[in-house]
Protein chains: 2
Amino acid sequence: MTDRQNLGLLCFYPSRAMEARLMQELVAAGFDDITTAQGRIAARIGPHGTRLTDLAAQALVTKQTANHLVDQLQRAGYVHRVPDPTDGRARLVQMAERGRAAVALARRVEAEVEAEWTAHLGEEATAQLRAALERLREVTDPYR
Amino acid sequence: MTDRQNLGLLCFYPSRAMEARLMQELVAAGFDDITTAQGRIAARIGPHGTRLTDLAAQALVTKQTANHLVDQLQRAGYVHRVPDPTDGRARLVQMAERGRAAVALARRVEAEVEAEWTAHLGEEATAQLRAALERLREVTDPYR
DNA sequence: ACTAGTAAGTCAGAGAGACTGACCATCGTC
DNA sequence: GACGATGGTCAGTCTCTCTGACTTACTAGT
């Protein structure tokens with residue numbers, strides 16, 4: 001019996017497990033030139049494209065870091081940048097074909113992992129868990 | 001309204017928030033020569049000391065990485081190493097005085113943050129959340 | 001219409017974190 | 001006592017992330 005662990009740490013295990021599983025399956029499917037850091041940025045690109053600054057803010061990294069990661073994603077063909085029609089300074093980071101394919105796979109894997117977790121916890125407990133985490137996000141995610 | 005987020009990502013927000021808060025308060029209290037990576041290792045040192053290999057396994061990093069971080073912690077006076085009386089190859093990483101002081105503060109901050117979360121979610125929902133996360137750990141933490 | 005301040009993004013450089021691979025010392029077992 | 005396994009270290013590399021300084025473009029106030 002280990003001692004009582006704090007809620008933040010308890011949240012860390014599933015979060016790490018999901019990320020590891022995503023990476024593992026992406027690599028297995030041939031998306032082997034991507035890293036977790038790149039994935040964290042890519043996961044936040046909206047359907048019509050997202051500004052670099054917004055990506056950085058949501059991922060809680062500096063613009064420079066986000067820019068660096070987007071450069072790599074672009075070189076690997078996952079995303080491309082287009083000028084923002086509403087703001088001459090800005091550019092929108094959009095998913096390219098390869099990026100959309102990777103995201104589609106990632107969505108499938110996420111659903112798969114959630115199904116496994118649901119099988120372990122039960123439908124009702126999982127629904128409660130999701131509800132609690134969504135409410136907790138209100139006080140733990142500064143960008144939402 | 002944002003779309004439904006996966007459970008792994010939902011777990012990420014509280015985990016990141018807890019870690020950020022811990023670092024912030026530790027720095028404010030004068031423990032300003034520590035990093036999150038060092039903290040993640042230090043948090044796993046048991047009451048009688050823990051082997052480097054075990055620390056590495058629990059934190060899911062290589063022995064080299066763990067060794068590097070323990071070196072830094074030792075230089076800063078948070079931990080020290082003693083020979084393992086039961087195994088001539090091994091050494092135990094133990095908390096030093098400064099390390100114990102930091103851990104004591106960290107425990108207080110953790111309790112504080114959990115109290116805030118409980119205030120937001122309610123007693124019952126928080127208890128259910130903890131129970132669900134502890135069960136989820138059974139399938140998401142390889143070292144337990 | 002001009003100017004001052006703010007916001008978007010880029011360039012350069014540095015430090016920390018994490019890995020792979022090779023290695024030595026010690027333990028445990030046959 | 002020899003040999004495979006385990007605990008730990010050394011060396012080198014790559015990625016992530018930051019700070020600081022800068023350019024360009026938008027916006028609000030006069």
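So you know, we letter chains A, B, ... as the sequences are listed, proteins then strands, and number each from 1.
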Notebook entry, point to check: Is a salt bridge present between Arg89(A) and Asp84(A), judged by a nitrogen-to-oxygen distance below 4.0 Å?
Noted result: no
Notebook entry, point to check: Going by distance alone, is a donor N or O of one side chain under 3.5 Å from an acceptor N or O of the other, for Gln74(A) and His80(A)?
Noted result: no
Item checked: Pair of N/O donor and acceptor under 3.5 Å linking dG20(D) base with Gln64(A) side chain -> yes
Notebook entry, point to check: Whole-Å distance between dA11(D) P and Lys63(B) NZ?
Noted result: 16 Å
Next item on the list: Choose from dA8(C), dC27(C), dG8(D) the nucleotide whose nearest atom is closest to any side-chain atom of Arg51(A).
Entry: dA8(C)
Item checked: Nucleotide dA18(C), atom C1' - distance to CD of Gln38(B) in whole Å -> 14 Å
Next item on the list: Take the protein atom CE of Met23(A) and the nucleotide atom P of dA18(C), then report the distance between them rounded to whole Å.
Entry: 15 Å
Notebook entry, point to check: How long is the line joining CG of Asp33(B) and P of dA16(C), in whole Å?
Noted result: 12 Å
Checklist line | Integer-rounded Å distance: dG8(D) C1' and His68(B) NE2 | finding: 16 Å
Next item on the list: Flag the pair Asp141(A) and Arg16(B) as a salt bridge only when some basic side-chain nitrogen lies within less than 4.0 angstrom of an acidic carboxylate oxygen.
Entry: yes
Notebook entry, point to check: Leu55(A) versus Leu69(A): any side-chain heavy-atom pair under 4.5 Å?
Noted result: no
Item checked: side-chain N/O Asn67(B) vs dT9(D) OP1/OP2, d < 4.0 Å -> yes
Item checked: Leu92(B) CG - dT6(D) P separation (whole Å) -> 18 Å
Margin query: Closest approach to the side chain of Ala90(B), judged atom by atom: which nucleotide of dG17(C), dG8(D), dT17(D) is it?
Written below: dG8(D)
Notebook entry, point to check: Of the candidate nucleotides dG17(C), dC16(D), dG9(C), which contains the atom at the shortest distance from the side chain of Gln72(B)?
Noted result: dG17(C)
Checklist line | Residues Arg40(A), Glu19(A); criterion salt bridge (Lys or Arg N to Asp or Glu O under 4.0 Å); working and verdict | finding: CA-CA 9 Å; Arg40(A) 277 193 280 260; Glu19(A) 197 168 75; 2.9 Å; yes
Note to self: Given dG7(D), dC18(D), dA18(C), identify the nucleotide with an atom nearest to the side chain of Thr53(B).
What the structure shows: dG7(D)
Margin query: Just N and O in the side chain of Arg81(A): are any of them under 4.0 Å from OP1 or OP2 of dT10(C)?
Written below: yes
Margin query: Rounding to an integer number of Å, can you tell me how far Leu55(A) CG sits from dA7(C) P?
Written below: 18 Å
Margin query: Check this one for me: any side-chain N or O of Thr62(A) less than 4.0 Å away from OP1 or OP2 of dC18(D)?
Written below: yes
Notebook entry, point to check: Expressed in angstrom and rounded to an integer, what is the separation of Leu52(A) atom CG from dT17(D) atom C1'?
Noted result: 14 Å
Notebook entry, point to check: Using a cut-off of 4.0 Å on non-hydrogen atoms, how would the nucleic acid contact of Thr65(B) be classed: base, sugar-phosphate, or nothing?
Noted result: base
Checklist line | Heavy-atom donor-acceptor pair, Arg89(A) side-chain to dA7(C) base, under 3.5 Å | finding: yes
Notebook entry, point to check: At under 4.0 Å, does any side-chain N or O of Thr35(A) touch on OP1 or OP2 of dT15(D)?
Noted result: no
